[in-house]
Peer 1: 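I have a structure I would like to understand better, so I am pasting it below and will then ask my questions one at a time.
Remember, it's a predicted structure, so these values are computed and weren't measured experimentally.
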Amino acid sequence: MEDILAGLNEEQRAAVTTTEGYVRVIAGAGSGKTRALTHRYAYLVNELGISTANILCVTFTNKAANEMKKRIRNMIGDCDTGYVCTFHGFCVQVLREDIHVIHYPKNFVILDTEDVDAILRNVYEACGISSRDYTFDMARREIVSAKSRQEHIPYLLELNNTHLKEAYEKEENLKKKIFLGYLYEQKKIFGLDFEDLISIVDYIFAHFEEKRKKWQERIMYVMVDEFQDVSENQYRLADVLSGYHKNLFIVGDPDQTIYTWRGARIDFILEFANLHPGAKTIILNKNYRSTPNILDASNSLIRKNQKRVKKELVAVREAGEDAVYYHAVTTRQEAEWIAAQIKKLLENGSRFQDIAILYRSHFVSRSMEEVFIREKIRYVLYSGIEFYKRKEIKDSLCYLRMIACQDDLAFLRVINEPKRSIGKKRIAFLREYAEANQCSLYQALKDTVHSELFARTGAVSFLMLVEKYRETYREMRVSELLSAVLGESGYEEMLRFSGEQERLDNLAELKQSVFEFEHVSGEENTLEEYLQSVALFTNADKEERKDSVKMMTIHTAKGLEFPYVFVCGLNEGIFPTKHVDTPEKLEEERRLAYVSYTRAEKGLFLSDAEGINFDGSFRYPSRFIFNTEKEYLHYVVELEERLAAQAAGYICANEEKICGRKQSFQTGDIVVHKVFGRGQIVAVKEEISSYVIQFEGMETVRNISMRIPLEKGEPASGLSDVQG
């Protein structure tokens, strides 16, 4: 036990050893929450004797889950850690055992966003719908909305597609027709999209008591990481699973809730004790990442939020340099200043890879890139196509899907990659045959391959390839199968012939990822399990360039840390974004700023630049600069008094608008302007955010923006008779 508890601070020990009941751990940035989670898992196994088969440990990305598995295995040995996974990953494991209750096979296909779009294209084409009239985004939102109401469940429960097909063909309402068409195409290949994975498990647990009890009894301990990011259905799943043994351990930081636009509900972690009376709360606030200087700035910023669990991060590291703030006149000047600071860091022994440039939106990076190229500063921009969405990766995985599932989406993707002379005419023939005979496109090709239509095509060789490995793939490792199929299909040769080295490098990276999957998960995993697991990956694997400055959005940087962090584009209308229109959204933007601050270990650099936003408004310094108490920021350039005053006025008026507060002044009030002096407000024009003021000694009135600070004045002669 001493080995497991060694090196833990008092609060971490409490988190590890408090094993029973409902436990909430509020874990500040850099406080060692992953360490607490992994040691708690090892404590349950090694000290309490709990089987790994009875513990569910959920985190939010596959990358984080794999890292957690490695750490746990270092402590408990080479044991199975099958339930250390994401919510979606756990649901896949439930469905592998129990999806038969809704008449689906175990080798169901998990649909990613490209698969969803491919289905929608098929539906649009069949129905003669133009994407200009009804976009894919609109269709996807409607599908998600309908599935959230579980409108798809009755159709999935059907033993065949007869009723669904009839309803789809007869439906005249456009939205409903697309939804039914999507379900029809989806069910033909036994496909499940990401929304289905949790919603169907939720349905099974709600309607099949024996299945729910089986999983409730099996999972004795539920542990959820990043609990501030759980959605309603994820919370319900965790709550149901822990409903029998009543052991639910959650870890998170309300101050880092930045995904409400994706369904995250901060109330679940804030109200955990009310939802579960008697729950214990442990606060991890010792920060092992950042210097006291950085934490002082971070704490002072986040204190301005109201909806939070009050805590102050306490630094373990020694003091360093103050956080720095630089105000530039132009974005080019801002970029040049950042480049100069990077060069200073390099001169003092730092490397490019020690430095991260963070921003609210990708467009902010443009001026940085131009200057970095000119100044020969190596950088990598984290905004490319996600690894598992790249064409060559998707093609390769679809070849594997052909061997495991022979689904129509995979068939359409690879039948002509490389070219086999199977174009639109032959595909149309296969579609008609498949529809008439209620079979897959692959089966249609098998049935008709010897007809004249497929003479002088590569159809026979394609079928021979798939059939060969359909018979033998269960005796092969996935890595061996992938290499063999890419070689024999001619796909790899096609890329070599066209000189596409980057795509070949990506294939090599895919092969490496398969080796890692086999190493982490064990050699017994099947091809079907590999395909289901890889379909869950989102944006974890990025192109990595050695010793380069990393440039990314703050959302991308969540969970990462860097010795030196530059947060640029700190302007009103950019960060916080102009789309903020509620107090809740404003607090989330402030949490996002807090996340950016707390990524830094040794140095934090903040910057903004004057200019004009897309909507024509002036770029004032962000309120988050002013929210960070000045004693904790070193101002490289003092803001002009005029600019600071105008910015304060703009921010004040904006927050009044966001929070729905009344304006500070009303018609008839006496005010004092910094330049014009004393005056009386004769009208308030809220539609243009201005006061109409008659100033003493002026013949005509002036429109004064509500952004400009005014002081309350005393009545004076010459003003009392002014009429509005």
Side-chain angles (χ1 to χ4, degrees), residues 53 62 66 69 78-83 85 88-101 103-112 115 188-192 197 388 393-415 417 439-447 449 459-492 507 510-537:
N62 287 280
N66 286 337
K69 284 181 182 179
D78 194 19
C79 296
D80 177 47
T81 53
Y83 296 143
C85 52
H88 290 100
F90 174 72
C91 288
V92 168
Q93 297 190 64
V94 173
L95 294 173
R96 281 178 191 156
E97 289 190 30
D98 295 322
I99 199 170
H100 62 273
V101 298
H103 314 302
Y104 260 58
K106 289 183 179 181
N107 65 335
F108 57 90
V109 175
I110 298 177
L111 307 172
D112 63 17
D115 293 328
K188 277 203 304 185
I189 62 172
F190 294 114
L192 300 180
L197 295 177
Y388 285 100
I393 303 303
K394 186 72 174 174
D395 288 349
S396 301
L397 294 176
C398 281
Y399 264 110
L400 295 183
R401 272 168 53 176
M402 283 307 304
I403 292 162
C405 314
Q406 302 88 52
D407 65 276
D408 287 357
L409 295 180
F411 179 87
L412 290 170
R413 181 154 194 125
V414 301
I415 186 61
E417 292 283 352
C439 66
S440 68
L441 294 176
Y442 179 77
Q443 186 62 47
L445 181 61
K446 282 183 69 176
D447 292 349
V449 70
V460 171
S461 61
F462 176 76
L463 289 173
M464 289 175 63
L465 173 74
V466 175
E467 290 301 307
K468 172 184 175 181
Y469 288 106
R470 281 185 68 186
E471 294 175 3
T472 60
Y473 80 90
R474 289 184 177 84
E475 283 72 53
M476 300 176 69
R477 294 175 61 136
V478 178
S479 53
E480 296 170 345
L481 177 65
L482 177 63
S483 294
V485 170
L486 290 178
E488 292 182 35
S489 66
Y491 190 86
E492 217 160 1
L507 287 188
L510 176 64
K511 292 175 183 177
Q512 180 61 32
S513 75
V514 176
F515 282 124
E516 291 176 2
F517 167 81
E518 291 171 338
H519 175 72
V520 171
S521 303
E523 296 182 8
E524 300 304 317
N525 278 304
T526 65
L527 172 62
E528 289 85 356
E529 288 170 338
Y530 169 71
L531 290 171
Q532 289 172 350
S533 71
V534 81
L536 299 175
F537 274 90

Peer 1: Just checking F190 against F108, ring centres under 6.0 Å apart?
Peer 2: no
Peer 1: Do L486 and K511 make a side-chain contact, defined as non-hydrogen atoms from C-beta onward lying under 4.5 Å apart?
Peer 2: yes
Peer 1: When rounded to the nearest 0.5 angstrom, what distance separates CE in M476 from CG in L481?
Peer 2: 5.0 Å
Peer 1: Let me know which of E528, E480, K468 forms a side-chain hydrogen bond (donor to acceptor under 3.5 Å, both in side chains) with Y473.
Peer 2: E528
Peer 1: Contact between L397 and Y530 at the side-chain level, heavy atoms closer than 4.5 Å - yes or no?
Peer 2: yes
Peer 1: To check you understand the geometry: which heavy-atom pair defines the closest contact between S489 and L465, and what is its length?
Peer 2: CB-CD2, 3.7 Å
Peer 1: Indicate yes or no: does D115 engage K394 in a salt bridge with an N to O separation below 4.0 Å.
Peer 2: yes
Peer 1: Do you know the tightest heavy-atom contact between A404 and L531?
Peer 2: CB-CD1, 3.9 Å
Peer 1: Give, for atom CG of L527 and atom CZ of R474, the distance between the pair rounded to the nearest 0.5 Å.
Peer 2: 9.0 Å
Peer 1: Would you say L445 and I415 make side-chain contact, with heavy atoms under 4.5 Å?
Peer 2: yes
Peer 1: So, taking the atom named SG in C398 and the one named CD1 in I393, what distance separates them when rounded to the nearest 0.5 Å?
Peer 2: 11.5 Å
Peer 1: Taking salt bridge (charged side-chain N to carboxylate O under 4.0 Å, His left out) as the criterion, tell me which of D395, D408, D407 meets it with R401.
Peer 2: D407
Peer 1: Distance-only, no hydrogens or angles: does the Q443 side chain make a donor-acceptor pair with backbone N or O of S440 under 3.5 Å?
Peer 2: no
Peer 1: Taking all atoms of both residues into account, what is the closest heavy-atom pair of C439 and A444, and its distance?
Peer 2: SG-N, 4.0 Å
Peer 1: So, do L192 and I99 sit near enough that their side-chain heavy atoms are less than 4.5 Å apart?
Peer 2: yes
Peer 1: Is any side-chain heavy atom of S396 closer than 4.5 Å to one of L482?
Peer 2: yes
Peer 1: Side-chain contact test, heavy atoms from C-beta onward, threshold under 4.5 Å: evaluate it for M402 versus F411 and give yes or no.
Peer 2: yes
Peer 1: Looking at every heavy atom in both Y469 and A484, which two are closest together, and how far apart are they?
Peer 2: OH-CB, 3.4 Å
Peer 1: Does a side-chain heavy-atom distance below 4.5 Å link V449 with F462?
Peer 2: no
Peer 1: Do the side chains of E529 and R96 get nearer than 4.5 Å, heavy atoms only?
Peer 2: yes
Peer 1: With rounding to the nearest 0.5 Å, note down the distance linking CG in L95 to CD1 in I110.
Peer 2: 8.5 Å
Peer 1: With sequence neighbours left out, what residues match E417 under salt bridge (Lys or Arg N to Asp or Glu O under 4.0 Å)?
Peer 2: K391
Peer 1: Quick one: list whatever passes side chain to side chain contact (heavy atoms under 4.5 Å, CB included) with E467, sequence neighbours left out.
Peer 2: Y442, K446, R470
